[in-house]
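I have placed the structure first, in the form of structure tokens, so that the comments after it can refer back to it.
These values consider heavy atoms only, across backbone and side chains, with no hydrogens, waters or symmetry-generated copies.
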2 protein chains.
Amino acid sequence: MRKTIIVFGLLILGLLLLFQFSKYAVISGDLDSEFTIAIIAVVFFFVGVYLNKRSLQKRHSASEDIDHKKIKSLNISKREYEVLLGISEGLSNKEIGEKLFVSESTIKTHVSNLLSKLNAKRRTQALQKAKDFNII
Amino acid sequence: MRKTIIVFGLLILGLLLLFQFSKYAVISGDLDSEFTIAIIAVVFFFVGVYLNKRSLQKRHSASEDIDHKKIKSLNISKREYEVLLGISEGLSNKEIGEKLFVSESTIKTHVSNLLSKLNAKRRTQALQKAKDFNII
DNA sequence: AGTGGTTTGGTACTTTAGTATGAACTGATT
DNA sequence: AATCAGTTCATACTAAAGTACCAAACCACT
């Protein structure tokens, strides 16, 4: 946030300076008007590109980031979420158990709880719903 | 493609006209230079935004579009691909069969072939690999 | 110290997924 | 006409997934 303000401040300052400079240059005849206009055009072109990229980046990350609030509202615990990630990696219950250093039985319990919390009948359906909810 | 060329042609034409107009306006004194510069700045700002949005859209769709060549190179048939989509929707073999009006046995055959073609051990792993390959 | 939520793990069971194999039919290609 | 790839389906089997239920241990909170 602070960074954004600083960047914008410098940007506005630079543009004001550019305006004043170009006005002076045209009036005093040091530069011809076409050249000045070209500089202005190029500068604003890149300003447009930059600002647009910024806003798109924000929108992009917002649509891809994990919705932690949704996870909480679904009452999915930390461990259950780790199991969900294991499922999304295509692991079997046994493999998830080995990864998390617990037994397959434990994973089965977590999976069963996950399915009921996500209102899914299968792990593949859980994946599909989890994607819809932006929690993976 | 034709659309793009027309748009760019009109854009360049418009900019050239703007240049000529602004030069005339400044020389003849009908407009002051600040106003002209402001117009140029605004126009190029939006040109920058527009072009950037275009290029990002292309890049975006390229990363999300389905890689049909990859599907072919993996020797995945039309029917097998339909089954893969069923899996990605979280359907069971039986449900996929009902959707495609064939028996569960047929779906099992397709799934088994899919798994070997994708070098996966489970349907969830097939999903993960299919995403990596950008084929779903 | 007791409560509630989480994590762990077990047994016993049902359901679904996946493999292996064989076979018949279709449509396009040569 | 013969071949090949794709689709269909079946049987019989093994493996994995999922359910239901129970129980112990843990941690944070009041």
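Here the closest heavy-atom approach between residue B/L115 and residue B/A126 is recorded as CD2-CB, 3.8 Å. Nearest heavy-atom pair across A/I96 and A/V83 is CD1-O, 3.9 Å.
The distance from atom CD of B/E80 to atom P of D/dA5 is 13 Å, rounded to the nearest whole Å. Computed from coordinates, the A/K121 NZ to C/dT16 C1' distance equals 13 Å when rounded to whole Å. Counting to the nearest Å, the P atom of C/dT6 and the NZ atom of A/K72 are 12 Å from each other. Following rounding to the nearest Å, B/E104 (CD) and D/dA12 (C1') show an atom-to-atom distance of 14 Å. Remark: C1' of C/dT8 and NZ of A/K78 are 15 Å apart, rounded to the nearest angstrom. Atom NZ in A/K117 sits roughly 9 Å away from atom C1' in C/dT6 (whole-Å rounding). Per the geometry, CG belonging to B/N113 stands 10 Å off C1' belonging to D/dT7, to the nearest Å. Summarising the geometry, the separation between CD1 on A/I107 and P on D/dT19 is reported as 15 Å, rounded to the nearest angstrom.
Using a 4.0 Å heavy-atom criterion, one finds that B/S92 contacts the sugar-phosphate atoms exclusively. Nucleic acid contact for A/T106: base, since at least one base atom lies under 4.0 Å from a heavy atom of the residue.
Of the candidate nucleotides D/dT19, D/dA17, D/dT8, D/dT8 has the atom lying nearest to any side-chain atom of B/T109. Candidate nucleotides D/dT7, D/dC9, D/dG18 were compared by shortest atom distance to the side chain of A/K108, and D/dG18 ranks first.
OP1 or OP2 of C/dA17 lies within a sub-4.0 Å distance of a side-chain N or O belonging to B/N93. Checking the phosphate oxygens (OP1, OP2) of C/dT19, a side-chain nitrogen or oxygen of B/S112 falls inside 4.0 Å. Checking the phosphate oxygens (OP1, OP2) of D/dT8, a side-chain nitrogen or oxygen of B/R79 falls inside 4.0 Å. For D/dT7, one of the phosphate oxygens OP1 or OP2 lies less than 4.0 angstrom from a side-chain nitrogen or oxygen of B/S77. Side-chain N/O atoms of A/H110 include none lying less than 4.0 angstrom from OP1 or OP2 on C/dG9. Using a 4.0 Å cut-off, some side-chain N or O of B/S103 falls inside it from OP1 or OP2 of D/dC9. Regarding contacts with the backbone of C/dG18, every side-chain N or O of B/R122 stays at 4.0 angstrom or more from both OP1 and OP2.
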Working for side-chain contact (heavy atoms from CB on, under 4.5 Å), residues A/L100 and A/R79: CA-CA 9 Å; A/L100 302 180; A/R79 210 54 167 165; 3.8 Å; yes

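Of the N and O atoms on the side chains of A/T106 and A/S103, at least one donor lies less than 3.5 Å from an acceptor on the other residue.
Comparing A/K94 and B/V102, the nucleotide of DNA chain D nearest to each residue sits closer to the 5' end for B/V102. For the pair B/N75 and A/L115, nearest-nucleotide mapping onto DNA chain D gives the more 5' position to B/N75.
Here the side chain of B/K70 pairs no donor or acceptor atom with the backbone of B/I135 at under 3.5 angstrom. Without hydrogens or angle criteria, B/E95 side chain to B/L91 main chain gives no donor-acceptor distance under 3.5 Å.
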